There are 2 protein chains.
Amino acid sequence: MPAAFPAEPQMSATAEEEAYRHLQRALRLGRYKPGERLIPEEIAAEIGMSRMPVREAFRRLASDGLVVLRPNRGCVVAGLTVDELYEIFEIRSVLEGLAVRLAMPRIDEEEFEELERLLDRMERAGQSGSSDWVVRHQEFHGRICALSWRPKLIHQISALHVVIEPYMRIWFDDCDKPHSAREEHAAVIAALRSGDELHAEKVMQDHILSTAPMLAEFVSPSR
Amino acid sequence: MPAAFPAEPQMSATAEEEAYRHLQRALRLGRYKPGERLIPEEIAAEIGMSRMPVREAFRRLASDGLVVLRPNRGCVVAGLTVDELYEIFEIRSVLEGLAVRLAMPRIDEEEFEELERLLDRMERAGQSGSSDWVVRHQEFHGRICALSWRPKLIHQISALHVVIEPYMRIWFDDCDKPHSAREEHAAVIAALRSGDELHAEKVMQDHILSTAPMLAEFVSPSR
DNA sequence: TTGATAATACGTGGATACAAAAATACTTTT
DNA sequence: AAAAGTATTTTTGTATCCACGTATTATCAA
(Lines give C-alpha, C1' and ligand atoms only; values in the text may rest on other atoms or scores of the structure.)
Protein backbone atom coordinates (compact mmCIF):
# COMPACT_ATOMS: atom_id res chain seq x y z
CA MET A 1 0.00 0.00 0.00
CA PRO A 2 1.31 3.47 -0.83
CA ALA A 3 2.12 5.48 2.24
CA ALA A 4 -0.63 7.56 3.74
CA PHE A 5 0.28 11.16 4.35
CA PRO A 6 1.95 12.67 6.27
CA ALA A 7 4.89 10.60 5.09
CA GLU A 8 6.42 8.62 7.94
CA PRO A 9 9.68 10.16 9.14
CA GLN A 10 12.36 7.99 7.59
CA MET A 11 15.85 8.58 8.97
CA SER A 12 17.08 11.76 7.33
CA ALA A 13 20.05 11.23 5.12
CA THR A 14 21.19 14.67 4.04
CA ALA A 15 21.38 17.98 5.81
CA GLU A 16 19.06 19.52 3.24
CA GLU A 17 16.49 16.87 4.07
CA GLU A 18 16.80 17.69 7.75
CA ALA A 19 16.42 21.40 7.10
CA TYR A 20 13.39 20.76 4.89
CA ARG A 21 11.69 18.58 7.52
CA HIS A 22 12.52 21.00 10.29
CA LEU A 23 11.09 23.98 8.46
CA GLN A 24 8.06 22.16 7.10
CA ARG A 25 7.19 20.98 10.59
CA ALA A 26 7.57 24.46 12.02
CA LEU A 27 5.46 25.97 9.25
CA ARG A 28 2.74 23.33 9.64
CA LEU A 29 2.54 24.02 13.34
CA GLY A 30 2.27 27.70 12.62
CA ARG A 31 5.42 28.54 14.54
CA TYR A 32 6.24 31.20 11.99
CA LYS A 33 3.70 33.85 11.08
CA PRO A 34 2.86 34.71 7.48
CA GLY A 35 5.05 37.51 6.21
CA GLU A 36 7.82 36.67 8.67
CA ARG A 37 11.25 36.57 7.12
CA LEU A 38 13.32 33.41 7.35
CA ILE A 39 17.01 34.20 7.63
CA PRO A 40 19.16 31.33 6.31
CA GLU A 41 21.90 31.95 8.86
CA GLU A 42 19.52 31.80 11.82
CA ILE A 43 17.86 28.61 10.66
CA ALA A 44 21.22 27.09 9.87
CA ALA A 45 22.53 27.88 13.34
CA GLU A 46 19.32 26.52 14.88
CA ILE A 47 19.81 23.06 13.44
CA GLY A 48 23.58 23.15 13.33
CA MET A 49 24.53 23.35 9.69
CA SER A 50 25.68 25.91 7.15
CA ARG A 51 23.47 28.14 5.05
CA MET A 52 23.78 26.12 1.88
CA PRO A 53 21.46 23.21 2.64
CA VAL A 54 18.98 25.64 4.20
CA ARG A 55 18.84 27.67 1.03
CA GLU A 56 18.19 24.51 -0.93
CA ALA A 57 15.40 23.58 1.46
CA PHE A 58 13.88 27.00 0.83
CA ARG A 59 13.53 26.16 -2.85
CA ARG A 60 11.54 23.05 -2.09
CA LEU A 61 9.37 24.82 0.46
CA ALA A 62 8.70 27.48 -2.16
CA SER A 63 7.62 24.81 -4.62
CA ASP A 64 5.28 23.51 -1.95
CA GLY A 65 3.86 26.99 -1.56
CA LEU A 66 4.80 27.23 2.11
CA VAL A 67 7.22 30.05 1.52
CA VAL A 68 7.74 32.83 -0.98
CA LEU A 69 11.17 33.47 -2.47
CA ARG A 70 11.62 36.86 -4.08
CA PRO A 71 14.90 37.67 -5.83
CA ASN A 72 17.27 39.62 -3.64
CA ARG A 73 14.68 39.88 -0.92
CA GLY A 74 15.01 36.49 0.67
CA CYS A 75 12.56 34.01 2.05
CA VAL A 76 9.22 34.96 3.53
CA VAL A 77 6.61 32.74 5.14
CA ALA A 78 3.67 32.42 2.76
CA GLY A 79 0.21 33.37 3.89
CA LEU A 80 -3.02 32.53 2.12
CA THR A 81 -5.54 35.05 0.97
CA VAL A 82 -9.20 34.08 1.12
CA ASP A 83 -9.19 33.57 -2.64
CA GLU A 84 -6.19 31.27 -2.43
CA LEU A 85 -7.76 29.31 0.40
CA TYR A 86 -10.94 28.76 -1.59
CA GLU A 87 -8.88 27.81 -4.62
CA ILE A 88 -6.98 25.19 -2.65
CA PHE A 89 -10.24 23.71 -1.43
CA GLU A 90 -11.57 23.62 -4.98
CA ILE A 91 -8.49 21.75 -6.08
CA ARG A 92 -8.68 19.44 -3.08
CA SER A 93 -12.30 18.70 -3.88
CA VAL A 94 -11.60 17.36 -7.36
CA LEU A 95 -8.35 15.65 -6.38
CA GLU A 96 -9.76 13.89 -3.33
CA GLY A 97 -12.95 13.21 -5.24
CA LEU A 98 -10.87 11.36 -7.78
CA ALA A 99 -9.05 9.53 -5.00
CA VAL A 100 -12.33 8.37 -3.51
CA ARG A 101 -13.59 7.18 -6.87
CA LEU A 102 -10.42 5.20 -7.48
CA ALA A 103 -10.23 3.89 -3.94
CA MET A 104 -13.74 2.55 -3.70
CA PRO A 105 -13.26 -0.76 -5.54
CA ARG A 106 -10.38 -1.57 -3.20
CA ILE A 107 -12.20 -1.07 0.08
CA ASP A 108 -13.29 -4.27 1.79
CA GLU A 109 -15.07 -4.73 5.11
CA GLU A 110 -11.82 -4.75 7.03
CA GLU A 111 -10.91 -1.42 5.54
CA PHE A 112 -14.32 0.03 6.41
CA GLU A 113 -13.73 -0.94 10.02
CA GLU A 114 -10.35 0.75 9.92
CA LEU A 115 -11.94 3.92 8.59
CA GLU A 116 -14.52 3.84 11.35
CA ARG A 117 -11.77 3.41 13.90
CA LEU A 118 -10.08 6.48 12.46
CA LEU A 119 -13.38 8.32 12.67
CA ASP A 120 -13.64 7.49 16.36
CA ARG A 121 -10.08 8.51 17.02
CA MET A 122 -10.76 11.81 15.31
CA GLU A 123 -13.84 12.27 17.51
CA ARG A 124 -11.86 11.59 20.68
CA ALA A 125 -9.04 13.88 19.64
CA GLY A 126 -11.64 16.56 18.99
CA GLN A 127 -13.29 16.19 22.40
CA SER A 128 -9.94 16.45 24.16
CA GLY A 129 -9.85 19.87 22.59
CA SER A 130 -6.27 19.42 21.49
CA SER A 131 -5.32 20.54 18.05
CA ASP A 132 -4.11 17.07 17.18
CA TRP A 133 -7.59 16.65 15.82
CA VAL A 134 -5.99 18.10 12.73
CA VAL A 135 -3.56 15.20 12.57
CA ARG A 136 -6.34 12.66 12.99
CA HIS A 137 -8.34 14.42 10.33
CA GLN A 138 -5.40 14.18 7.96
CA GLU A 139 -5.07 10.52 8.84
CA PHE A 140 -8.66 9.91 7.83
CA HIS A 141 -8.39 11.68 4.50
CA GLY A 142 -4.93 10.23 3.97
CA ARG A 143 -6.18 6.70 4.47
CA ILE A 144 -8.78 7.06 1.77
CA CYS A 145 -6.30 8.67 -0.59
CA ALA A 146 -3.80 5.90 0.06
CA LEU A 147 -6.39 3.37 -1.05
CA SER A 148 -6.49 5.01 -4.47
CA TRP A 149 -3.04 3.54 -4.96
CA ARG A 150 -1.88 6.58 -6.92
CA PRO A 151 1.47 7.90 -5.62
CA LYS A 152 1.45 11.23 -7.42
CA LEU A 153 -2.15 11.93 -6.56
CA ILE A 154 -1.46 11.15 -2.91
CA HIS A 155 1.56 13.40 -2.96
CA GLN A 156 -0.32 16.35 -4.42
CA ILE A 157 -3.20 16.03 -1.99
CA SER A 158 -0.79 15.71 0.89
CA ALA A 159 0.99 18.88 -0.18
CA LEU A 160 -2.31 20.77 -0.09
CA HIS A 161 -3.09 19.49 3.39
CA VAL A 162 0.29 20.79 4.54
CA VAL A 163 -0.44 24.26 3.19
CA ILE A 164 -3.80 24.56 4.93
CA GLU A 165 -2.70 22.86 8.15
CA PRO A 166 -1.88 26.04 10.09
CA TYR A 167 -5.30 27.45 9.27
CA MET A 168 -6.98 24.21 10.25
CA ARG A 169 -5.26 24.45 13.63
CA ILE A 170 -6.31 28.03 14.21
CA TRP A 171 -9.83 27.21 13.14
CA PHE A 172 -10.20 24.21 15.40
CA ASP A 173 -8.54 25.86 18.40
CA ASP A 174 -10.94 28.76 18.01
CA CYS A 175 -14.17 26.82 17.65
CA ASP A 176 -15.16 25.26 20.98
CA LYS A 177 -18.65 24.51 19.72
CA PRO A 178 -18.93 21.00 18.25
CA HIS A 179 -19.20 21.26 14.52
CA SER A 180 -20.54 18.89 11.93
CA ALA A 181 -17.28 17.13 11.15
CA ARG A 182 -18.40 13.79 12.59
CA GLU A 183 -21.51 13.58 10.43
CA GLU A 184 -19.72 14.79 7.33
CA HIS A 185 -17.06 12.13 7.56
CA ALA A 186 -19.57 9.46 8.46
CA ALA A 187 -21.43 10.45 5.31
CA VAL A 188 -18.27 9.90 3.29
CA ILE A 189 -17.97 6.38 4.67
CA ALA A 190 -21.63 5.74 3.99
CA ALA A 191 -21.20 6.92 0.42
CA LEU A 192 -18.24 4.60 0.04
CA ARG A 193 -20.37 1.72 1.29
CA SER A 194 -23.05 2.53 -1.26
CA GLY A 195 -20.81 1.26 -4.03
CA ASP A 196 -21.72 4.17 -6.27
CA GLU A 197 -18.39 5.66 -7.28
CA LEU A 198 -19.73 8.89 -8.73
CA HIS A 199 -21.94 9.45 -5.71
CA ALA A 200 -19.03 8.95 -3.34
CA GLU A 201 -16.94 11.33 -5.39
CA LYS A 202 -19.67 13.93 -5.14
CA VAL A 203 -20.04 13.48 -1.39
CA MET A 204 -16.33 13.96 -0.86
CA GLN A 205 -16.32 17.04 -3.07
CA ASP A 206 -19.20 18.58 -1.16
CA HIS A 207 -17.62 17.73 2.17
CA ILE A 208 -14.40 19.49 1.25
CA LEU A 209 -16.06 22.52 -0.30
CA SER A 210 -18.27 22.94 2.76
CA THR A 211 -15.33 23.37 5.11
CA ALA A 212 -13.67 26.17 3.18
CA PRO A 213 -15.99 28.98 4.36
CA MET A 214 -15.42 28.02 7.99
CA LEU A 215 -11.69 28.53 7.68
CA ALA A 216 -12.00 31.62 5.55
CA GLU A 217 -12.65 33.92 8.47
CA PHE A 218 -9.23 33.17 9.94
CA VAL A 219 -7.43 34.31 6.83
CA SER A 220 -6.22 37.76 5.96
CA PRO A 221 -8.87 39.18 3.59
CA SER A 222 -6.38 40.23 0.91
CA ARG A 223 -2.70 40.95 0.43
CA MET B 1 -6.18 37.69 -16.85
CA PRO B 2 -3.84 35.19 -15.20
CA ALA B 3 -1.02 34.12 -17.45
CA ALA B 4 -1.62 31.17 -19.73
CA PHE B 5 0.99 28.48 -19.59
CA PRO B 6 3.75 28.12 -20.57
CA ALA B 7 4.66 31.16 -18.50
CA GLU B 8 6.02 33.93 -20.66
CA PRO B 9 9.78 34.25 -20.35
CA GLN B 10 10.25 37.26 -18.13
CA MET B 11 13.82 38.48 -17.99
CA SER B 12 15.66 36.17 -15.65
CA ALA B 13 16.85 37.83 -12.50
CA THR B 14 18.94 35.30 -10.64
CA ALA B 15 21.37 32.69 -11.85
CA GLU B 16 19.26 29.97 -10.29
CA GLU B 17 16.33 31.15 -12.35
CA GLU B 18 18.43 30.99 -15.50
CA ALA B 19 19.62 27.46 -14.69
CA TYR B 20 16.05 26.39 -13.97
CA ARG B 21 14.74 27.76 -17.26
CA HIS B 22 17.63 26.33 -19.21
CA LEU B 23 17.19 22.84 -17.79
CA GLN B 24 13.41 22.88 -17.94
CA ARG B 25 13.53 23.85 -21.58
CA ALA B 26 16.05 21.12 -22.39
CA LEU B 27 14.00 18.53 -20.53
CA ARG B 28 10.76 19.60 -22.23
CA LEU B 29 12.39 19.28 -25.63
CA GLY B 30 13.64 15.84 -24.68
CA ARG B 31 17.27 16.81 -25.12
CA TYR B 32 18.18 14.60 -22.18
CA LYS B 33 17.08 10.99 -22.07
CA PRO B 34 15.41 9.46 -19.01
CA GLY B 35 17.96 7.91 -16.70
CA GLU B 36 20.72 10.22 -17.93
CA ARG B 37 22.76 11.79 -15.17
CA LEU B 38 23.00 15.54 -14.90
CA ILE B 39 26.40 16.61 -13.58
CA PRO B 40 26.21 20.00 -11.86
CA GLU B 41 29.67 21.04 -13.03
CA GLU B 42 28.89 20.34 -16.68
CA ILE B 43 25.60 22.22 -16.61
CA ALA B 44 27.22 25.07 -14.71
CA ALA B 45 30.00 25.36 -17.27
CA GLU B 46 27.44 25.21 -20.08
CA ILE B 47 25.61 28.31 -18.94
CA GLY B 48 28.57 29.99 -17.29
CA MET B 49 27.95 29.83 -13.58
CA SER B 50 29.03 27.87 -10.53
CA ARG B 51 27.48 24.66 -9.21
CA MET B 52 25.40 26.18 -6.46
CA PRO B 53 22.61 27.80 -8.45
CA VAL B 54 22.47 24.67 -10.59
CA ARG B 55 22.06 22.50 -7.53
CA GLU B 56 19.26 24.76 -6.36
CA ALA B 57 17.60 24.51 -9.74
CA PHE B 58 17.78 20.72 -9.41
CA ARG B 59 15.63 20.91 -6.28
CA ARG B 60 12.90 22.75 -8.10
CA LEU B 61 13.05 20.45 -11.09
CA ALA B 62 12.76 17.53 -8.70
CA SER B 63 9.67 19.08 -7.14
CA ASP B 64 8.26 19.39 -10.63
CA GLY B 65 8.93 15.72 -11.20
CA LEU B 66 11.24 16.36 -14.14
CA VAL B 67 14.26 14.97 -12.37
CA VAL B 68 15.01 12.52 -9.57
CA LEU B 69 17.42 13.45 -6.79
CA ARG B 70 18.80 10.58 -4.76
CA PRO B 71 21.18 11.25 -1.84
CA ASN B 72 24.81 10.88 -2.82
CA ARG B 73 23.82 9.76 -6.27
CA GLY B 74 23.08 13.08 -7.83
CA CYS B 75 20.52 14.16 -10.33
CA VAL B 76 18.96 11.84 -12.89
CA VAL B 77 16.47 12.70 -15.62
CA ALA B 78 13.07 11.33 -14.66
CA GLY B 79 11.22 9.00 -16.97
CA LEU B 80 7.58 8.05 -16.70
CA THR B 81 6.29 4.53 -16.39
CA VAL B 82 3.01 3.67 -18.07
CA ASP B 83 1.29 3.74 -14.69
CA GLU B 84 2.67 7.17 -13.93
CA LEU B 85 1.61 8.46 -17.34
CA TYR B 86 -1.93 7.23 -16.83
CA GLU B 87 -1.94 8.72 -13.34
CA ILE B 88 -0.90 12.10 -14.66
CA PHE B 89 -3.70 12.02 -17.22
CA GLU B 90 -6.19 11.07 -14.51
CA ILE B 91 -5.06 14.06 -12.47
CA ARG B 92 -5.12 16.31 -15.53
CA SER B 93 -8.65 15.17 -16.29
CA VAL B 94 -10.09 16.33 -12.97
CA LEU B 95 -7.95 19.45 -12.78
CA GLU B 96 -8.68 20.64 -16.30
CA GLY B 97 -12.26 19.53 -15.87
CA LEU B 98 -12.49 21.87 -12.92
CA ALA B 99 -10.82 24.62 -14.94
CA VAL B 100 -13.40 24.25 -17.73
CA ARG B 101 -16.25 24.34 -15.25
CA LEU B 102 -14.91 27.52 -13.67
CA ALA B 103 -13.99 29.11 -16.98
CA MET B 104 -17.31 28.67 -18.69
CA PRO B 105 -19.19 31.60 -17.16
CA ARG B 106 -16.38 33.91 -18.25
CA ILE B 107 -16.30 32.96 -21.91
CA ASP B 108 -17.98 35.42 -24.23
CA GLU B 109 -18.31 35.33 -28.02
CA GLU B 110 -15.00 37.08 -28.48
CA GLU B 111 -13.29 34.44 -26.43
CA PHE B 112 -14.96 31.67 -28.42
CA GLU B 113 -13.54 33.14 -31.56
CA GLU B 114 -10.10 33.26 -29.99
CA LEU B 115 -10.40 29.59 -29.06
CA GLU B 116 -11.40 28.73 -32.61
CA ARG B 117 -8.42 30.67 -33.91
CA LEU B 118 -6.21 28.62 -31.62
CA LEU B 119 -7.86 25.48 -32.91
CA ASP B 120 -7.01 26.46 -36.47
CA ARG B 121 -3.46 27.32 -35.58
CA MET B 122 -3.13 23.93 -33.94
CA GLU B 123 -4.46 22.31 -37.09
CA ARG B 124 -2.00 24.14 -39.30
CA ALA B 125 0.92 23.35 -37.00
CA GLY B 126 -0.12 19.72 -37.14
CA GLN B 127 -0.29 19.62 -40.94
CA SER B 128 3.16 21.15 -41.24
CA GLY B 129 4.28 18.05 -39.46
CA SER B 130 6.43 20.01 -37.07
CA SER B 131 6.36 19.13 -33.44
CA ASP B 132 5.35 22.64 -32.50
CA TRP B 133 1.86 21.22 -32.65
CA VAL B 134 2.61 20.40 -29.03
CA VAL B 135 3.11 24.06 -28.24
CA ARG B 136 -0.13 25.02 -30.00
CA HIS B 137 -1.93 22.27 -28.16
CA GLN B 138 -0.64 23.60 -24.86
CA GLU B 139 -1.77 27.07 -25.91
CA PHE B 140 -5.28 25.81 -26.48
CA HIS B 141 -5.55 24.03 -23.14
CA GLY B 142 -3.70 26.87 -21.44
CA ARG B 143 -6.15 29.45 -22.76
CA ILE B 144 -9.11 27.62 -21.28
CA CYS B 145 -7.31 27.12 -17.99
CA ALA B 146 -6.39 30.79 -17.87
CA LEU B 147 -10.06 31.68 -18.15
CA SER B 148 -10.72 29.83 -14.90
CA TRP B 149 -8.89 32.69 -13.24
CA ARG B 150 -7.29 30.38 -10.68
CA PRO B 151 -3.52 30.93 -10.42
CA LYS B 152 -2.68 27.81 -8.43
CA LEU B 153 -4.86 25.59 -10.57
CA ILE B 154 -3.24 26.98 -13.71
CA HIS B 155 0.18 26.43 -12.24
CA GLN B 156 -0.49 22.81 -11.34
CA ILE B 157 -1.95 21.97 -14.72
CA SER B 158 0.93 23.69 -16.44
CA ALA B 159 3.41 21.63 -14.44
CA LEU B 160 1.72 18.44 -15.61
CA HIS B 161 1.87 19.56 -19.23
CA VAL B 162 5.59 20.11 -18.84
CA VAL B 163 6.12 16.60 -17.52
CA ILE B 164 4.29 14.95 -20.39
CA GLU B 165 5.64 17.28 -23.07
CA PRO B 166 8.55 15.09 -24.20
CA TYR B 167 6.19 12.16 -24.65
CA MET B 168 3.72 14.30 -26.55
CA ARG B 169 6.52 15.26 -28.93
CA ILE B 170 7.60 11.68 -29.51
CA TRP B 171 4.01 10.63 -30.01
CA PHE B 172 3.19 13.33 -32.52
CA ASP B 173 6.43 12.96 -34.45
CA ASP B 174 5.75 9.26 -34.73
CA CYS B 175 2.14 9.40 -35.87
CA ASP B 176 1.90 10.60 -39.46
CA LYS B 177 -1.71 9.47 -39.76
CA PRO B 178 -4.16 12.25 -38.90
CA HIS B 179 -5.71 11.54 -35.54
CA SER B 180 -8.87 12.76 -33.94
CA ALA B 181 -7.41 15.77 -32.13
CA ARG B 182 -9.31 18.29 -34.24
CA GLU B 183 -12.71 16.80 -33.52
CA GLU B 184 -11.93 16.27 -29.84
CA HIS B 185 -10.99 19.88 -29.29
CA ALA B 186 -13.87 21.13 -31.37
CA ALA B 187 -16.11 19.05 -29.14
CA VAL B 188 -14.68 20.82 -26.10
CA ILE B 189 -15.54 24.19 -27.61
CA ALA B 190 -19.01 22.96 -28.50
CA ALA B 191 -19.52 21.76 -24.94
CA LEU B 192 -18.42 25.16 -23.67
CA ARG B 193 -20.96 26.80 -25.96
CA SER B 194 -23.70 24.56 -24.60
CA GLY B 195 -23.62 26.44 -21.32
CA ASP B 196 -23.87 23.23 -19.32
CA GLU B 197 -20.92 23.37 -16.94
CA LEU B 198 -21.03 19.77 -15.80
CA HIS B 199 -21.32 18.56 -19.37
CA ALA B 200 -18.33 20.62 -20.45
CA GLU B 201 -16.37 19.29 -17.49
CA LYS B 202 -17.20 15.75 -18.54
CA VAL B 203 -16.23 16.35 -22.16
CA MET B 204 -12.86 17.75 -21.14
CA GLN B 205 -12.27 14.82 -18.80
CA ASP B 206 -13.08 12.31 -21.52
CA HIS B 207 -10.92 14.14 -24.02
CA ILE B 208 -7.91 14.01 -21.73
CA LEU B 209 -8.40 10.42 -20.66
CA SER B 210 -8.77 9.32 -24.27
CA THR B 211 -5.33 10.60 -25.22
CA ALA B 212 -3.44 8.71 -22.51
CA PRO B 213 -3.48 5.29 -24.22
CA MET B 214 -2.06 6.77 -27.42
CA LEU B 215 1.00 8.04 -25.61
CA ALA B 216 1.37 4.97 -23.47
CA GLU B 217 3.10 2.95 -26.15
CA PHE B 218 6.00 5.38 -26.24
CA VAL B 219 6.76 4.92 -22.58
CA SER B 220 9.02 2.35 -20.98
CA PRO B 221 6.68 -0.38 -19.72
CA SER B 222 8.09 -0.40 -16.19
CA ARG B 223 11.16 0.65 -14.27
C1' DT C 1 36.95 -18.46 -16.76
C1' DT C 2 34.25 -17.01 -13.20
C1' DG C 3 32.96 -14.99 -8.83
C1' DA C 4 34.00 -12.53 -4.79
C1' DT C 5 36.66 -9.03 -2.55
C1' DA C 6 39.72 -5.21 -2.07
C1' DA C 7 41.64 -0.94 -3.86
C1' DT C 8 40.84 3.20 -6.18
C1' DA C 9 38.74 6.96 -8.58
C1' DC C 10 34.98 9.90 -8.81
C1' DG C 11 31.15 12.73 -7.63
C1' DT C 12 28.12 14.43 -4.25
C1' DG C 13 27.08 16.97 -0.14
C1' DG C 14 28.52 20.20 2.84
C1' DA C 15 31.60 24.01 5.08
C1' DT C 16 33.86 28.25 4.77
C1' DA C 17 35.57 32.49 3.09
C1' DC C 18 35.06 36.01 0.00
C1' DA C 19 33.22 39.17 -3.67
C1' DA C 20 29.55 41.49 -6.09
C1' DA C 21 25.02 43.25 -6.55
C1' DA C 22 20.85 44.71 -4.81
C1' DA C 23 17.87 46.56 -1.40
C1' DT C 24 17.33 49.23 2.71
C1' DA C 25 18.48 52.82 5.87
C1' DC C 26 20.51 57.05 6.67
C1' DT C 27 22.37 61.66 5.66
C1' DT C 28 22.76 65.71 3.56
C1' DT C 29 21.39 69.20 0.53
C1' DT C 30 18.30 72.09 -1.80
C1' DA D 1 9.79 68.42 3.20
C1' DA D 2 11.40 66.26 -0.93
C1' DA D 3 15.19 64.64 -3.49
C1' DA D 4 19.66 63.05 -4.07
C1' DG D 5 23.45 60.81 -2.71
C1' DT D 6 25.99 57.81 0.57
C1' DA D 7 26.54 54.04 3.71
C1' DT D 8 25.13 49.70 5.52
C1' DT D 9 23.06 45.41 5.46
C1' DT D 10 21.51 41.39 3.16
C1' DT D 11 21.23 38.45 -0.41
C1' DT D 12 23.29 36.02 -4.05
C1' DG D 13 26.97 33.87 -6.35
C1' DT D 14 31.97 32.23 -6.63
C1' DA D 15 35.87 29.64 -5.40
C1' DT D 16 38.05 26.23 -2.75
C1' DC D 17 38.45 22.55 0.35
C1' DC D 18 37.24 18.17 2.59
C1' DA D 19 34.66 14.02 4.09
C1' DC D 20 31.99 10.44 2.77
C1' DG D 21 29.30 7.29 -0.21
C1' DT D 22 29.02 5.16 -4.60
C1' DA D 23 30.72 2.98 -8.55
C1' DT D 24 34.35 1.11 -11.09
C1' DT D 25 38.31 -1.37 -11.71
C1' DA D 26 41.74 -4.46 -10.41
C1' DT D 27 43.16 -8.37 -7.88
C1' DC D 28 42.87 -12.83 -6.16
C1' DA D 29 40.85 -17.36 -5.12
C1' DA D 30 38.00 -21.23 -6.63
Side-chain angles (χ1 to χ4, degrees), chain A residues 7 9-27 31-79 223, chain B residues 7 9-27 31-79 223:
Chain A
Q10 53 198 0
M11 205 56 64
S12 76
T14 66
E16 187 273 347
E17 189 69 20
E18 199 187 328
Y20 178 75
R21 284 194 213 286
H22 175 91
L23 288 169
Q24 197 201 46
R25 183 178 148 77
L27 290 164
R31 263 187 58 197
Y32 300 114
K33 297 275 164 287
E36 189 176 341
R37 285 188 45 192
L38 295 179
I39 290 105
E41 319 225 54
E42 285 180 15
I43 314 282
E46 233 173 84
I47 39 184
M49 63 179 66
S50 78
R51 304 176 323 184
M52 205 160 76
V54 175
R55 284 179 46 77
E56 286 176 310
F58 282 171
R59 300 284 172 191
R60 266 211 281 172
L61 294 166
S63 278
D64 296 346
L66 292 171
V67 124
V68 175
L69 233 45
R70 278 182 306 174
N72 296 321
R73 266 186 261 181
C75 182
V76 169
V77 178
R223 197 176 306 165
Chain B
Q10 53 199 358
M11 206 55 62
S12 76
T14 67
E16 188 272 345
E17 189 69 19
E18 198 187 329
Y20 178 75
R21 282 195 215 284
H22 175 91
L23 287 168
Q24 197 202 47
R25 182 178 149 78
L27 290 164
R31 264 186 59 195
Y32 300 115
K33 296 276 162 286
E36 190 176 340
R37 281 186 54 190
L38 296 179
I39 289 104
E41 316 224 60
E42 285 180 16
I43 314 283
E46 232 173 88
I47 39 183
M49 63 180 64
S50 74
R51 300 182 327 181
M52 202 163 86
V54 175
R55 286 176 44 75
E56 286 176 321
F58 282 171
R59 300 283 172 194
R60 265 212 281 172
L61 294 166
S63 278
D64 295 346
L66 291 171
V67 123
V68 176
L69 235 43
R70 279 181 307 174
N72 295 318
R73 265 188 267 182
C75 183
V76 169
V77 177
R223 198 175 306 166

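These numbers come from the heavy atoms of this one structure, side chains and all, not from hydrogens, waters or symmetry mates. Lettering follows sequence order; numbering is per chain, from 1. For clarity, every value in this text was computed on a predicted model and none was experimentally measured.
- Rounded to whole Å, the distance from CD1 on A/I39 to P on C/dT24 is 14 Å.
- At whole-Å resolution of the value, CD in A/E41 and P in D/dT12 are 12 Å apart.
- With distances taken from any side-chain atom of B/R73 to the nucleotides C/dA23, D/dA23, D/dG13, the minimum falls on D/dA23.
- For B/R70 and D/dT22, the CZ to P distance is 10 Å, given to the nearest whole Å.
- Residues A/V77 and A/L27 meet the side-chain proximity criterion, which asks for heavy atoms closer than 4.5 Å.
- Checked by atom type and distance alone, the side chain of B/E36 pairs as donor or acceptor with a backbone atom of B/K33 at under 3.5 Å.
- Of the residues near DNA chain C, A/P71 and B/R59, the one whose nearest nucleotide (by heavy atom distance) lies more toward the 5' end is B/R59.
- Side-chain atoms of A/S50 lie closest to C/dG14 of the nucleotides C/dG14, D/dT12, D/dT14.
- Residue A/M49 has its side chain nearest to C/dA15 when only D/dG13, C/dA15, C/dT12 are considered.
- Annotation: the span from B/E16 atom CD to B/R55 atom CZ amounts to 12.5 Å, rounded to 0.5 Å.
- Distances from the side chain of A/N72 to the nucleotides C/dG14, D/dG13, C/dA22 place C/dA22 closest.
- Counting any heavy atom pair closer than 4.0 Å across all strands shown, A/E16 reaches sugar-phosphate atoms only and no base atom.
- Put simply, CG on A/L69 is 11 Å from C1' on D/dT11, counting in whole angstrom units.
- Rounding to the nearest 0.5 Å places CD of A/E17 at 11.5 Å from CD of A/E56.
- Using a 4.5 Å heavy-atom threshold, the side chains of B/L66 and B/Q24 count as touching.
- Residue side chain B/R51 reaches the base of C/dG14 through a donor-acceptor N/O pair under 3.5 Å, judged by distance alone.
- A residue-by-residue look at A/M52 and A/G74 shows that A/G74 has its nearest nucleotide of DNA chain D further toward the 5' end.
- Atom P of nucleotide D/dA15 and atom CZ of B/R55 are separated by 16 Å, given to the nearest angstrom.
- Where B/L38 and A/G48 meet DNA chain C, the nucleotide closest to each residue was compared, and B/L38 sits on the side nearer the 5' end.
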